[in-house]
Amino acid sequence: MSEHKRSPSKLGDVVASVLKHAGLTDRVAQAAVIPEWPALVGAQIAGVTEPLLLQQDGTLVVMVKTHAWMQELTLLEPQLLTRLNADTSRPPIVKLRWMLRR
């Protein structure tokens, strides 16, 4: 009986392999904008917003503190998308959906 000895795999390599086989690599890369949100949009906007989730169509849902900020951010959406999509190695965020925090 032959025994096949394998070296242990690194956890990161195993996770990357599972994500690749599940077809989720791009979604995970795209979702990286959530923890990067404060650095990408700046402290002032980060202080009144909270990215909540990334939808399958590439829409990032963001909670906003007030109606006034929601209006302002709607006007700033093209510039914010440019910042969020500066890293061209990942699929782009296609839209921002603003929701009032209750």
Side-chain angles (χ1 to χ4, degrees):
M1 201 187 289
S2 70
E3 288 186 34
H4 295 286
K5 292 186 179 182
R6 292 180 17 184
S7 298
S9 299
K10 293 180 182 176
L11 181 58
D13 295 341
V14 172
V15 171
S17 175
V18 169
L19 291 173
K20 181 178 179 181
H21 284 87
L24 297 173
T25 304
D26 285 346
R27 291 256 311 139
V28 171
Q30 190 179 36
V33 299
I34 293 174
E36 295 173 10
W37 179 261
L40 294 170
V41 301
Q44 185 177 21
I45 292 174
V48 296
T49 60
E50 178 185 355
L52 189 60
L53 60 94
L54 180 66
Q55 297 177 328
Q56 281 188 320
D57 68 354
T59 300
L60 181 62
V61 179
V62 182
M63 301 298 286
V64 183
K65 284 188 178 181
T66 67
H67 281 288
W69 266 109
M70 192 180 300
Q71 288 179 318
E72 181 70 22
L73 293 168
T74 299
L75 296 172
L76 291 173
E77 186 170 337
Q79 292 93 334
L80 293 172
L81 285 172
T82 298
R83 289 185 204 170
L84 294 173
N85 294 321
D87 181 350
T88 58
S89 69
R90 61 182 170 217
I93 302 300
V94 296
K95 184 177 186 214
L96 296 170
R97 180 173 167 220
W98 309 107
M99 295 182 65
L100 188 62
R101 185 181 302 156
R102 301 196 182 252

- Item | Nearest-0.5 Å distance that lies between atom CE in Met70 and atom CG in Leu75 | 12.5 Å
- Does a donor on one side chain and an acceptor on the other come within less than 3.5 Å for Trp98 and Thr49? no
- Message: Under the criterion side-chain contact (heavy atoms from CB on, under 4.5 Å), I'd like the reasoning laid out for Arg97 against Gln55: C-alpha separation, chi angles, the key distance, then a yes or no.
- Response: CA-CA 10 Å; Arg97 180 173 167 220; Gln55 297 177 328; 3.6 Å; yes
- Could you walk me through whether Leu96 and Leu80 pass side-chain contact (heavy atoms from CB on, under 4.5 Å), step by step? CA-CA 9 Å; Leu96 296 170; Leu80 293 172; 3.9 Å; yes
- Let me know which of Asp87, Asn85, Leu60, Ile93 forms a side-chain contact (heavy atoms from CB on, under 4.5 Å) with Gln30. Ile93
- Message: Would you say Val41 ends up clustered with Val61 if hydrophobic residues are merged whenever their side chains have heavy atoms under 4.5 Å apart, either directly or through other cluster members?
- Response: no
- Query: Val48 versus Thr66: any side-chain heavy-atom pair under 4.5 Å?
  - Reply: no
- Who are the side-chain contact (heavy atoms from CB on, under 4.5 Å) partners of Glu36, not counting sequence neighbours? Ala32, Leu40, Arg90
- Message: Under the criterion side-chain contact (heavy atoms from CB on, under 4.5 Å), I'd like the reasoning laid out for Val62 against Met99: C-alpha separation, chi angles, the key distance, then a yes or no.
- Response: CA-CA 6 Å; Val62 182; Met99 295 182 65; over 6 Å; no
- Item | Leu100 side, atom CG; Arg102 side, atom CZ - distance, nearest 0.5 Å | 5.5 Å
- Nearest heavy-atom contact between Ala46 and Pro38 is CB-CA, 3.7 Å
- Message: If you define the side chain from C-beta out and look only at heavy atoms, does anything of Trp69 sit under 4.5 Å from Arg101?
- Response: no
- Just wondering, more than 12 heavy atoms not from Gln79 lying within 6.0 Å of its CD? yes
- Query: Which atom names give the shortest non-hydrogen contact between Met63 and Leu52, and what distance separates them?
  - Reply: SD-CD2, 3.8 Å
- Closest heavy-atom contact between Val94 and Leu81? O-CD1, 3.9 Å
- Query: When clusters are formed by joining ILVMFWY residues with side-chain heavy atoms under 4.5 Å apart, either directly or through shared neighbours, do Ile34 and Ile45 land in the same one?
  - Reply: yes
